Amino acid sequence: MAHSIHKVVKFEKVAPFTLNVEFEDGAHQVIDFQPVLRGEVYGPLNDARVFDQACLDEEVHTIVWPNGADFDPATLYDWPQAGPKLEALTKCWKTKVG
């Protein structure tokens, strides 16, 4: 199975926990990340102050957060299919507290 290669070129916050992500080919995805913000890495992003620290890493061409969280650009590009699968997976993850 081929893995598509995509690059995030910019993004903007359009609502709480929601970003409009633009890719190198001009495609856009409006992504509500809140349903997948669970687990040790993504759970801390449930704090809006942490989520809002998102920035574009121009070396790996994706959105990253200071705690090390990121998403594969291909996952972001294919969010309508990948998002629900990731959400189902994260339901068994525990969020680290404290």
Side-chain angles (χ1 to χ4, degrees):
M1 183 168 148
H3 180 76
S4 58
I5 305 295
H6 294 284
K7 296 178 181 179
V8 175
V9 294
K10 66 181 177 179
F11 71 92
E12 68 175 320
K13 181 179 175 182
V14 294
F17 305 103
T18 304
L19 303 177
N20 180 8
V21 183
E22 184 177 337
F23 300 89
E24 81 290 343
D25 64 358
H28 289 258
Q29 290 290 352
V30 176
I31 301 172
D32 177 3
F33 288 90
Q34 198 156 34
V36 300
L37 300 183
R38 297 182 183 93
E40 194 169 325
V41 175
Y42 298 125
L45 303 182
N46 249 317
D47 179 333
R49 295 169 298 183
V50 176
F51 185 87
D52 290 346
Q53 293 179 42
C55 63
L56 180 62
D57 184 318
E58 295 187 13
E59 184 174 334
V60 295
H61 307 286
T62 196
I63 302 164
V64 299
W65 285 265
N67 73 330
D70 67 5
F71 292 88
D72 183 315
T75 298
L76 299 174
Y77 192 92
D78 295 327
W79 196 262
Q81 296 78 33
K85 291 177 186 176
L86 183 58
E87 181 180 357
L89 178 65
T90 64
K91 287 186 179 182
C92 67
W93 297 352
K94 294 182 181 177
T95 300
K96 187 176 180 179
V97 179

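Quick caveat: nothing in here was measured; it's all calculated off a predicted structure. Residue numbers start at 1 and run along the sequence shown. Note that these values count all heavy atoms, side chains included, but never hydrogens, waters or copies made by symmetry.
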Rounded distance (nearest 0.5 Å) linking atom OG1 of Thr18 with atom CD1 of Ile31
9.5 Å

Would you name the heavy atoms of Glu87 and Arg38 that are closest together and state the gap between them?
O-NH1, 3.9 Å

Apart from Val30 itself, its cluster of hydrophobic side chains linked below 4.5 Å comprises Val14

If I compare all heavy atoms of Ala69 with all of Leu45, which pair ends up nearest, and what's the gap?
CB-CD1, 3.9 Å

Roughly how far, to the nearest 0.5 Å, is NE2 of His6 from OG1 of Thr75?
10.0 Å

Do Trp79 and Val8 land in one hydrophobic cluster if side-chain heavy atoms of ILVMFWY residues count as linked below 4.5 Å?
yes

Does a side-chain heavy-atom distance below 4.5 Å link Glu24 with His61?
no

Rounded to the nearest 0.5 Å, what's the gap from CD on Glu12 to CD on Glu22? Could you check?
9.5 Å

Side-chain contact, heavy-atom cut-off 4.5 Å: Asn20 with Phe11?
no

Which distance, rounded to the nearest 0.5 Å, do you find between the CG of Asp70 and the CH2 of Trp65?
8.0 Å

Do the side chains of Phe23 and Val60 join up, straight or via other hydrophobic residues, at under 4.5 Å, putting them in one cluster?
no

Counting only heavy atoms from other residues, nucleotides and ligands, does the tally under 6.0 Å from CD of Gln81 exceed 12?
yes

Shortest non-hydrogen pair, Pro44 vs Gly39, comes out as CD-O, 3.8 Å

Identify whether Leu19 and Leu86 are in the same connected component of the hydrophobic contact network (ILVMFWY, side-chain heavy atoms under 4.5 Å).
yes

CG on Asp78 to NZ on Lys85, rounded to 0.5 Å:
9.0 Å

Are Gln34 and Asn46 close enough that some pair of their side-chain heavy atoms sits under 4.5 Å apart?
yes

Flag side-chain contact, heavy atom, 4.5 Å: Lys7 against Pro73
no

Tell me whether Val9 is reachable from Val64 by hopping between hydrophobic residues (I, L, V, M, F, W, Y) whose side-chain heavy atoms are closer than 4.5 Å.
no

Measuring from Leu56:CG to Thr62:OG1, what's the distance to the nearest 0.5 Å?
8.0 Å

Using a distance-only test with no angle check, is there a side-chain donor-acceptor pair under 3.5 angstrom linking Asp72 and Tyr77?
no

Relative to the ring of Phe71, is the ring of Phe33 parallel (under 30°), tilted (30 to 60°) or perpendicular (over 60°)?
tilted

Under 3.5 Å, sequence neighbours excluded: what are the donor-acceptor pairs made by side chains of residues 47-55?
from: Asp47; atom 1: OD1; to: Arg49; atom 2: N; distance (Å): 2.8
from: Asp47; atom 1: OD1; to: Arg49; atom 2: NE; distance (Å): 3.1
from: Asp47; atom 1: OD2; to: Arg49; atom 2: NH2; distance (Å): 2.8
from: Asp52; atom 1: OD1; to: Lys13; atom 2: NZ; distance (Å): 3.0
from: Asp52; atom 1: OD2; to: Lys13; atom 2: NZ; distance (Å): 3.0
from: Gln53; atom 1: NE2; to: Arg49; atom 2: O; distance (Å): 3.2

